[in-house]
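To start, the structure under review is shown below, and the notes come after it.
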Amino acid sequence: MRNSSFAGITLSATGIHALANNAINKNENTSTKNNFKDDFILNEITITELQQKMQSGEMTSLNITNLYLKRINEIDKSGPNLNAIIELNPDAASIAAALDKERKAGNIRGPLHGIPILVKDNINTGDKMMTTAGALALEGNIAIQDAFIIKRLREAGAVLLGKTNLSEWANFRSSRSTSGWSSRGGQTKCPYILDRNPSGSSAGSGSATAANLCTIAIGTETDGSIVSPSAVNGLVGIKPTVGLWSRSGIIPISATQDTAGPMARTVRDAAILLGALTGIDSNDKITSESNGKSFTDYTKFLDANSLKGKRIGVEKSHLNGYKEIVALLKKAIETITALGATIVEVDIMKPINEVSTAEFKVLSFEFKDGVNKYLATSNTKIKTLDDVIAFNNNNEAKAMPYFRQETLYACTERGSLTDKIYTDALAKTLSSRKIIADIMSENKLDALSGVTNGPACCIDLVNGDYDTSFSMSTPAAISGFPHITVPMGFLHALPMGISFFGTAYMEPQIISFAYAYEQASKNRTPPAFQQNLLS
């Protein structure tokens with residue numbers, strides 16, 4: 001979920017890993033100085049640039065992996081103390097070394113070969129790392145096997161660097177939660193302004209990628225949890241069509257809305273990762289719908305001239321309100337228009353808001369069903385949602401020091417997925433598909449657009465997150481349609497994103513539009529690790 005309303009290195013790889021994990025265990029709260037100088041050699045480097053360096057022999061995957069591990073020790077667990085990484089992979093260096101041997105032997109698996117990546121801690125990895133959704137209740141849960149997308153990731157030759165912190169239970173525990181906080185991982189910070197949270201629930205993936213702790217990362221989304229932390233952290237995030245990526249082996253919220261997706265610093269990098277992890281999974285039936293509609297290479301759709309002659313519908317309510325945000329959107333519209341597109345003002349949010357009132361009902365039913373099924377086969381003593389609630393109550397000081405678990409309680413009160421309350425609510429939310437399709441058809445639109453969401457919230461463990469009137473996550477979320485966000489500029493040193501979305505399996509189109517805008521605007525700027533807005 002997006003918000004709480006629902007929801008040549010001298011230090012060896014082993015030494016770096018030990019130092020970083022010691023800092024994780026201590027959960028230090030060391031503050032950074034305002035004059036922090038960020039001269040990391042891999043800052044803003046892309047997948048393509050890393051492949052060129054490895055191909056030329058200038059660098060190896062092991063070099064690159066060690067550099068990222070050192071980076072994590074220096075700014076995630078000390079210095080700015082971002083706290084984006086919940087656990088490092090003790091096998092990362094050995095994986096990288098093995099991939100270097102493959103490259104030397106002439107076997108290069110593809111564009112991800114040797115590339116370090118971080119994944120969110122609600123995705124099963126069949127290795128030495130835990131999968132906990134940030135919850136102390138699941139501490140010690142070592143997955144029996146990889147999630148389908150992690151298997152695909154390993155096959156593609158990526159180096160699984162570690163796991164990122166998240167909003168506990170993907171922000172589906174309390175209505176007063178703070179994004180980026182979990183009982184196992186603590187609070188993650190936004191690298192742009194450190195007293196802000198990096199938005200949820202893929203907060204750690206957002207913070208880590210923005211701060212160059214990895215090349216790319218994977219997040220998950222039910223409603224906004226890829227696109228919101230991507231926008232807030234000056235990233236490109238893709239929430240795919242539900243079914244394009246498998247969800248098996250991922251701790252669930254919703255069978256109808258959940259999906260994992262790429263979080264990257266460029267559209268090209270996001271597109272590379274997106275294609276690598278597509279595939280039909282017999283353990284996730286909805287992936288069969290992607291047959292003939294998915295691609296293993298989305299970079300072929302990267303066209304800087306793709307907006308020429310296109311009609312883009314912009315949410316009209318986003319052209320009113322907070323004037324600085326409106327000014328950013330209008331500047332983006334000028335860029336899009338200059339690229340040859342026609343802008344059409346449309347009302348998307350009003351009809352969507354009318355049907356999204358049923359969203360929480362759908363999610364609460366599906367969360368109970370999905371989590372109980374996941375826990376029943378997990379490698380943990382916690383086997384049901386009731387067990388989770390009991391654990392939290394028995395360990396209140398550590399598990400619930402700031403906010404409660406009323407959302408979990410609400411889910412336990414739901415019936416089965418045959419309950420009329422559920423089926424009626426699901427029908428209501430799924431009517432969003434026709435609403436969006438009709439808006440696009442009636443206005444002859446090629447895509448829909450608007451402000452992705454408001455700027456990063458202040459970290460407030462007492463009151464939780466607050467919302468803004470600017471958000472585009474829900475239409476694509478409840479419909480299961482694809483959504484991409486790309487940096488739009490800054491509001492008081494805080495990144496803002498612009499969205500492009502459409503109907504099912506329109507990834508090629510919206511990726512091409514986002515790429516054209518990105519190339520023309522060049523709004524991605526690395527974080528400054530500023531203490532607060534006034535520093």
Side-chain angles (χ1 to χ4, degrees), residues 4 16-33 36 38 40 68-89 118-122 129-136 139 161-171 173 177-214 217-219 225 228-230 232-235 263 398-399 401-403 456-461 464-465 526-532:
S4 59
I16 295 165
H17 180 268
L19 282 171
N21 268 344
N22 282 339
I24 290 172
N25 294 332
K26 291 176 182 176
N27 197 22
E28 295 169 350
N29 189 27
T30 307
S31 63
T32 184
K33 296 179 180 179
F36 176 80
D38 188 10
F40 182 46
Y68 280 125
L69 289 170
K70 185 171 184 287
R71 171 75 164 180
I72 290 166
N73 181 60
E74 290 177 342
I75 74 164
D76 194 61
K77 305 309 167 190
S78 57
N81 190 37
L82 296 175
N83 200 38
I85 314 301
I86 200 168
E87 187 171 2
L88 287 170
N89 185 1
L118 289 166
V119 302
K120 190 174 176 181
D121 180 44
N122 59 348
M129 294 188 291
M130 293 182 276
T131 303
T132 68
L136 281 177
E139 195 168 34
L161 193 62
K163 290 196 170 182
T164 56
N165 195 25
L166 68 159
S167 307
E168 188 171 325
W169 290 107
N171 245 346
R173 199 190 90 179
S177 63
T178 297
S179 290
W181 184 90
S182 72
S183 57
R184 180 180 168 225
Q187 180 65 52
T188 300
K189 302 173 186 175
C190 175
Y192 287 86
I193 298 183
L194 299 172
D195 68 354
R196 304 272 170 157
N197 79 58
S199 192
S201 66
S202 304
S205 294
S207 179
T209 308
N212 289 277
L213 303 184
C214 60
I218 294 176
S225 285
S228 180
S230 293
V232 159
N233 291 283
L235 300 174
M263 299 172 71
K398 291 182 178 180
Y402 305 114
F403 52 87
C457 300
C458 289
I459 295 171
D460 188 343
L461 292 167
D465 290 350
F529 307 97
Q530 191 173 319
Q531 282 282 12
N532 54 58

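Since the structure is predicted, the reported quantities are computational estimates derived from the model, not experimental observations.
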Judged by modelled atom types alone, do Ser179 and Asn171 share a side-chain donor-acceptor pair under 3.5 Å?
-> yes
Arg196 versus Val232: any side-chain heavy-atom pair under 4.5 Å?
-> no
Taking every heavy atom of Pro198 against every heavy atom of Gln187, the minimum-distance pair comes out as CD-NE2, 4.5 Å
Validation row: Ile459, Asn197 side chains within 4.5 angstrom (heavy atoms) = yes
Indicate yes or no for a side-chain donor-acceptor contact from Ser78 to the backbone of Asn73 under 3.5 Å, with no hydrogens or angles considered.
-> yes
Kindly say whether Gly186 contributes a backbone atom to a donor-acceptor pair with the side chain of Asn165 at under 3.5 angstrom?
-> yes
Without swapping roles, check the side chain of Arg173 against the backbone of Ser182 for a donor-acceptor pair under 3.5 Å.
-> no
Determine whether Ile75 and Leu82 make a side-chain contact, defined as any pair of heavy atoms from C-beta on separated by less than 4.5 Å.
-> yes
Give, for atom NZ of Lys163 and atom CG of Leu88, the distance between the pair rounded to the nearest 0.5 Å.
-> 12.5 Å
Nearest-0.5 Å distance, CD1 of residue Ile72 to CD1 of residue Ile85 = 4.5 Å
Looking at OG1 of Thr188 and CD1 of Ile86, how far apart are the two atoms once the value is rounded to the nearest 0.5 Å?
-> 8.0 Å
State, with a plain yes or no, whether a side-chain heavy atom of Thr164 is found less than 4.5 Å away from one of Ile218.
-> no
Interatomic distance, Glu168 atom CD to Asn122 atom CG [nearest 0.5 angstrom] | 12.0 Å
Under a 4.5 Å cut-off applied to non-hydrogen side-chain atoms, are Arg71 and Asp38 in contact?
-> yes
Residue pair Ala211 / Pro527: nearest heavy atoms and the distance that separates them | CA-CG, 4.0 Å
Are any side-chain N or O atoms of Ser167 and backbone N or O atoms of Gly180, one a donor and one an acceptor, separated by less than 3.5 Å?
-> yes
Taking Asp195 for the side chain and Cys458 for the main chain, is one N or O donor matched with an acceptor at less than 3.5 Å?
-> no
How long is the span from the OG atom in Ser207 to the CG atom in Leu213, to the nearest 0.5 Å?
-> 6.5 Å
Do Asn233 and Pro191 have side-chain heavy atoms sitting under 4.5 Å apart?
-> yes
Side-chain touch Thr178/Tyr402, heavy atoms, less than 4.5 angstrom = no
Leu166 and Gly134: which non-hydrogen atoms are nearest, and at how many Å?
-> CD2-N, 3.5 Å
Polar contact flag, side-chain donor to acceptor under 3.5 angstrom, Lys120-Ser201 | yes
List the steps, then state whether side-chain contact (heavy atoms from CB on, under 4.5 Å) holds for Tyr192 with Gln530.
-> CA-CA 6 Å; Tyr192 287 86; Gln530 191 173 319; over 6 Å; no
Here the gap from Asp465 atom CG to Asp460 atom CG, rounded to the nearest 0.5 Å, amounts to 8.5 Å
Quick one: closest heavy-atom pair of Met263 and Ser205, and the distance?
-> SD-CB, 3.7 Å
Give a yes or no answer on whether the side chain of Asp76 reaches the backbone of Asn81 with a donor-acceptor pair at less than 3.5 Å.
-> no
